[in-house]
Amino acid sequence: MYYAAPIARLLEELERLPGVGPKSAQRIAYHILRSEAEGTARLAEALLEVKRVIHFCPRCFDFTEGDLCATCADPERDAATVCVVEEPRDVVAIERTGGYRGLYHVLGGVISPVDGVGPEQLRVRELLDHIAEGTVTEVVVATNTTVEGETTALYLARMLKPLGLKVTRIASGLPVGGDLEYADEVTLGRALEARREL
Amino acid sequence: MTILVGPNAIGKSNLLEAVTLVSSATSFRQFSWPDVVKEGEALARVRLDAERGLVPVRLGLDVESSGRKSFFVDGTKKRKASDVAGRVPVVTFVPDDLQLAKGSGEVRRHALDVLGSQLSPAYGTLRSEYGKIVRQRTALLKQGEARRDTVEWDEVLARTGASFFIHRARLASRIEEAIVPFYETLSVGERVEMRFETSWGGETRPPREWAAASRDEVEWLMREALERVSRKERARGVTLVGPHRDDLVLLIEGLSARGFASQGQQRSLALAWKMAEAEVVGAVLGCTPVLLLDDVMSELDEKRRAALQEFVESGPQALLTTTNLAYFAPEMLEEAEIVEVADVR
């Protein structure tokens, strides 16, 4: 046993965090031990507060502290368009572009039978409930371009198209500034398939 | 040419394996990433300094005991194996390759796919995406409820499967083109041909014809086949149709090598296949591959040994292992750097 028991307990908890291995855990723990008590109290309070205050927006299932999240509560947003994403962090990514004015729906994952995740484990039912209210005319499927994200997009299209909605998929392919010569065939093929009129 | 000599089970092959792991993220042995790390150690690390043309290339691989791996090219971290494969092309020849003629379809699929992944990142991406689709779809079939709906997985399997198959067919047709003259020389006049026997119908056609087929046609055939076997797949919980079940059949003078090849023909075929690989790598990447030969001299008779020797001398560099230098011709030993290997494990 190299560590005093309380330090060992802290290390154990830190190592559970994503991206934190034994070395990073040790660095963080020693940093905390060296820093002043107020700083640590603020960190602890911040951790407790997010867990106390933040919950899912009942409409889009993004994280929020209010009854509705800021996007869903904003009357300026276009309620006819819903963008479906995998995780709350994807909402942040799309918001950052500043180019989207509609609403969101967070699925909470993608279909992945290997992990035991089917449509029932995702918030598909809730999406259909939202659509049943009648204001939505277009659903933009913005799941990732992985095998699982693609399959989930196909599933959503099959569920939603019969409802008379416009279902679109974000174009995937060349990153902005991507050099055509170095883009591999798969990406290039997808970019070509998803081409749009200018 | 470097010859590593030493008794069995001393780690000679491990050295060659380290080169294949860092250069193409694959091995000629059955392996899983956690196994690469020595028992009780946290990390396995391989660094490889090479020169391609006159340009230095530095490759790196770190594997953690959990199996997590990172690749490095000239010091920059790379996430995907396909970012590394092909930078320093290698062709391996190991005793297991003698199964190329008589082994199951998997042996030939694996040989093609390892080569293809080195030659094109698109091939590598399609291969890994396709593998993921099969695992996902099979997991769904195993859930066993008869009404389990696989519509989307059928769709992506046919789509990705068709692209993957055509890439594979293009590669096989290049190998076929290259293998014919090599085999003819080794066998003194015999003719070798290839045919794809697919799991999804369509006729048994030579690779060059499938290579020219349209993706839509192949996709359609795969979809139809999936529909036909749907009941059987559900009952058995296996994905029965797709490139992972295809076979590339080798024919010698019109007869199946798998059924009829003699010991000598098997050896000639394996050797000719490897020569063909090296030629295709040279043609596609514009750079002759490094040859890694693990204890194959002992498997060959004098005539084929001479042919292998010529092949080795034609390349820019070769690493060979052996338990016994007597397998090598004296002229070859004169030119080679001979390294006696003590226990390196």
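In what follows, every chain begins at residue 1, and chains take the letters A, B, ... in the order their sequences are listed.
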Any side-chain donor near an acceptor of the partner, B:Asp246 and B:Thr198, under 3.5 Å: no
Residue pair A:Leu156, A:Leu127: steps toward the side-chain contact (heavy atoms from CB on, under 4.5 Å) verdict: CA-CA 10 Å; A:Leu156 290 176; A:Leu127 175 63; 4.2 Å; yes
Members of residues 102-115 of chain A whose heavy atoms come closer than 4.5 Å to chain B: A:Ile111, A:Ser112, A:Pro113, A:Val114
Donor-acceptor side-chain pairing of A:Arg59 and A:Thr71 below 3.5 angstrom: no
Salt bridge flag under 4.0 Å for residues B:Asp62 and B:Arg47: yes
Charged tip of B:Arg137 within 45° of B:Trp153 ring normal and under 6.0 Å: no
Interface residue of largest heavy-atom contact number with chain B, from A:Val147, A:Thr146, A:Thr151, under 4.5 Å: A:Thr151
Exercise: do B:Arg135 and B:Thr239 side chains pair donor with acceptor under 3.5 Å: no
